[in-house]
Number of protein chains: 2
Amino acid sequence: MEKQNLALMELGRLMREIFRGFKKRIGEQNQEDIKITAEQFHLLNAINLKQEEVIQKDMAEIMGKDKSAILRLIDSLEEKELVRRAVDKNDRRKNYLMVTKTGERVLKQYQIIAFQMMEDIQQGLSVSDLNTFRRIIEHIKDNARKL
Amino acid sequence: MEKQNLALMELGRLMREIFRGFKKRIGEQNQEDIKITAEQFHLLNAINLKQEEVIQKDMAEIMGKDKSAILRLIDSLEEKELVRRAVDKNDRRKNYLMVTKTGERVLKQYQIIAFQMMEDIQQGLSVSDLNTFRRIIEHIKDNARKL
DNA sequence: AAAATTAGTTGCATATGTCAATTAATTATT
DNA sequence: AATAATTAATTGACATATGCAACTAATTTT
């Protein structure tokens, strides 16, 4: 039991380290620029990634959170003018989520940080290792989704 | 840039899925028994794992959190009588953290859940895959620490 | 003895998140 | 067409988590 358990713990600790590093680098960001939290970044990124139009409900599903949590995250992003809600003309219950130009710019800055972090984190790993790692992550993710 | 970036995102998402699953299973726990949150479990487990005596400061370092965050987590664990603080006789600034019998019992219950989760998550992966995965995690962890 | 350091504590602010109830809009049913 | 059911978003109440800065008490350094 010990080993597997440890693996889970290690993964958690690992993520905290990475998260900590990410926050630290964000903190070192240009002061005058708009700052967002990791969760805000994550949501912004997820909206941006989607090819199709998305509404709040979709994001709640994608991010595995309550719709009210998403609503408040979007509130915070809208306040910073990184995202706007646009009502669907055909179904006025729906708000399409639109990333603003500022949103794209800020997102890009954060992506650069994330990219740099990935580079640093992957230092010293072979291409084959990385491929195996990605494959396993995908596999685990599928399993985790069913939990 | 895309691929590496995705790997980071995937890892984050993966952890959230696992964490979500863990919380869900915790929620399904036996009503009459003492319930703890995921963070409480994590701290309790970390204290328990340590071979040497630990004080709050140590746990803050180990868990990568502010000492006040740890303090409050310990408050909550102490309230449930899962942990006790014992003042160091030689240095009365220090509180040694002791897991109670109840703490051990509760911890064991949650470890079983965590263990079961690990089993489910690892379904379908070969032993060699798992070993590679652990090795990479270790490597990444070393890199992450330097971030 | 005074100054500096250390461990723990407290107050305050913020972020995040869930659940349940409510509102408004739309769709299905009688 | 009127009523009922469903859907998306919102709000309120509440719990958890976390960091920062200021403070206290104990110990160590100067």
Side-chain angles (χ1 to χ4, degrees), chain A residues 12 15-17 19-24 26-27 34-44 46-47 53-80 82-98, chain B residues 12 15-17 19-28 35-44 46-47 53-80 83-98:
Chain A
M15 281 311 294
R16 260 197 308 282
E17 294 281 351
F19 195 68
R20 198 175 48 75
F22 189 61
K23 280 209 280 188
K24 193 175 148 201
I26 285 173
I34 297 166
K35 279 190 191 159
I36 55 179
T37 67
E39 285 306 322
Q40 287 168 354
F41 167 61
H42 202 81
L43 176 56
L44 193 57
I47 295 172
E53 299 295 309
V54 284
I55 61 176
Q56 293 179 200
K57 193 204 74 164
D58 299 332
M59 295 319 297
E61 269 163 24
I62 291 168
M63 314 251 315
K65 287 177 187 168
D66 192 89
K67 53 196 172 155
S68 55
I70 297 298
L71 177 134
R72 275 154 194 152
L73 269 181
I74 293 180
D75 281 349
S76 66
L77 286 173
E78 204 170 31
E79 202 168 321
K80 290 170 180 161
L82 304 179
V83 151
R84 286 206 192 88
R85 290 167 162 106
V87 177
D88 181 346
K89 280 181 187 165
N90 300 319
D91 186 343
R92 295 179 42 227
R93 290 171 304 185
K94 295 178 183 170
N95 289 336
Y96 289 119
L97 302 176
M98 324 291 293
Chain B
M15 281 311 295
R16 262 196 307 283
E17 293 281 351
F19 195 68
R20 199 173 48 76
F22 188 61
K23 282 208 280 187
K24 192 175 149 202
R25 294 200 183 183
I26 283 175
E28 289 161 358
K35 278 191 193 160
I36 55 179
T37 66
E39 286 305 324
Q40 287 169 353
F41 165 62
H42 203 80
L43 175 56
L44 192 57
I47 296 171
E53 298 295 309
V54 284
I55 61 176
Q56 294 179 200
K57 192 205 75 165
D58 299 332
M59 295 319 298
E61 270 163 24
I62 290 167
M63 314 251 314
K65 289 177 186 169
D66 191 88
K67 52 195 174 158
S68 58
I70 298 297
L71 176 135
R72 276 153 193 151
L73 272 179
I74 293 181
D75 280 350
S76 66
L77 286 173
E78 204 170 32
E79 202 168 321
K80 289 172 180 161
V83 151
R84 287 206 192 87
R85 289 167 163 107
V87 176
D88 180 346
K89 280 179 190 166
N90 301 319
D91 186 344
R92 295 177 44 225
R93 290 171 305 185
K94 295 178 183 170
N95 290 337
Y96 290 120
L97 302 176
M98 325 291 293

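Residue numbering restarts at 1 for every chain, and letters A, B, ... go by the order of the sequence lines.
The side chain of B/R85 places an N or O atom within less than 4.0 Å of a non-bridging phosphate oxygen (OP1 or OP2) of C/dT9. Listed pair A/R93 / D/dT7 fails the phosphate criterion, with no side-chain N or O lying under 4.0 Å from OP1 or OP2. One finds no side-chain N or O of A/T37 lying less than 4.0 angstrom from the OP1 or OP2 phosphate oxygen of C/dT14. When the side-chain nitrogen and oxygen atoms of B/Q40 are compared with OP1 and OP2 of D/dT16, none of them lie within a distance under 4.0 Å. Proximity of B/N95 to the phosphate of C/dT9: a side-chain N or O atom is located under 4.0 Å from OP1 or OP2.
Rounded to an integer number of Å, the gap from CD1 of B/I36 to C1' of D/dT16 is 14 Å. At whole-Å resolution of the value, NZ in A/K65 and C1' in D/dA17 are 14 Å apart. One can place CD of A/Q56 at 10 Å from P of D/dT11, the figure rounded to the nearest angstrom. Rounded to whole Å, atom C1' of C/dT26 lies 14 Å from atom NZ of A/K57. Here the C1' atom of nucleotide C/dC19 and the CD1 atom of A/I70 are 16 Å apart, to the nearest Å. Spacing between atom CG of B/D88 and atom P of D/dT28 amounts to 10 Å, rounded to whole angstrom units. One interatomic measurement links the two molecules: CZ of A/F41 to C1' of C/dT16, which rounds to 18 Å at whole-angstrom precision. Going from atom CG of A/L71 over to atom C1' of D/dG12 covers 12 Å, rounded to whole Å.
In terms of modelled atom types and a separation under 3.5 Å, the side chain of B/Q56 and the main chain of B/N95 share no donor-acceptor contact. Between the side chain of A/K57 and the backbone N or O of A/K94, no donor-acceptor pair lies under 3.5 Å.
With rounding to the nearest 0.5 Å, the separation of CD in A/E39 from CG in A/L77 is 11.0 Å. Put simply, CD1 on B/I74 and CG on B/L44 are 10.0 Å apart, with the number rounded to the nearest 0.5 Å.
Closest approach to the A/K67 side chain among C/dG8, D/dT10, D/dT18 is made by D/dT10 (side chain taken as heavy atoms from C-beta onward). Proximity note for A/R92 (side chain, C-beta onward) versus C/dA25, D/dA8, D/dG19: the nearest is C/dA25. Picking from D/dA26, C/dT18, C/dG8 the nucleotide with the shortest atom distance to the side chain of A/D66 gives C/dT18.
Across all strands, A/N90 comes closer than 4.0 Å only to sugar-phosphate atoms, never to a base (heavy-atom distances). Here B/S76 lies out of heavy-atom contact (under 4.0 Å) with every strand.
Exactly one of A/L71, A/L73, A/I70 qualifies for a side-chain contact (heavy atoms from CB on, under 4.5 Å) with A/M59. That residue is A/I70.
When the nearest nucleotides of DNA chain D are assigned to A/R72 and A/K94 by heavy-atom distance, the more 5′-ward of the two goes with A/K94. Comparing A/G64 and A/K89 against DNA chain C, the residue whose closest nucleotide sits nearer the 5' end is A/G64.
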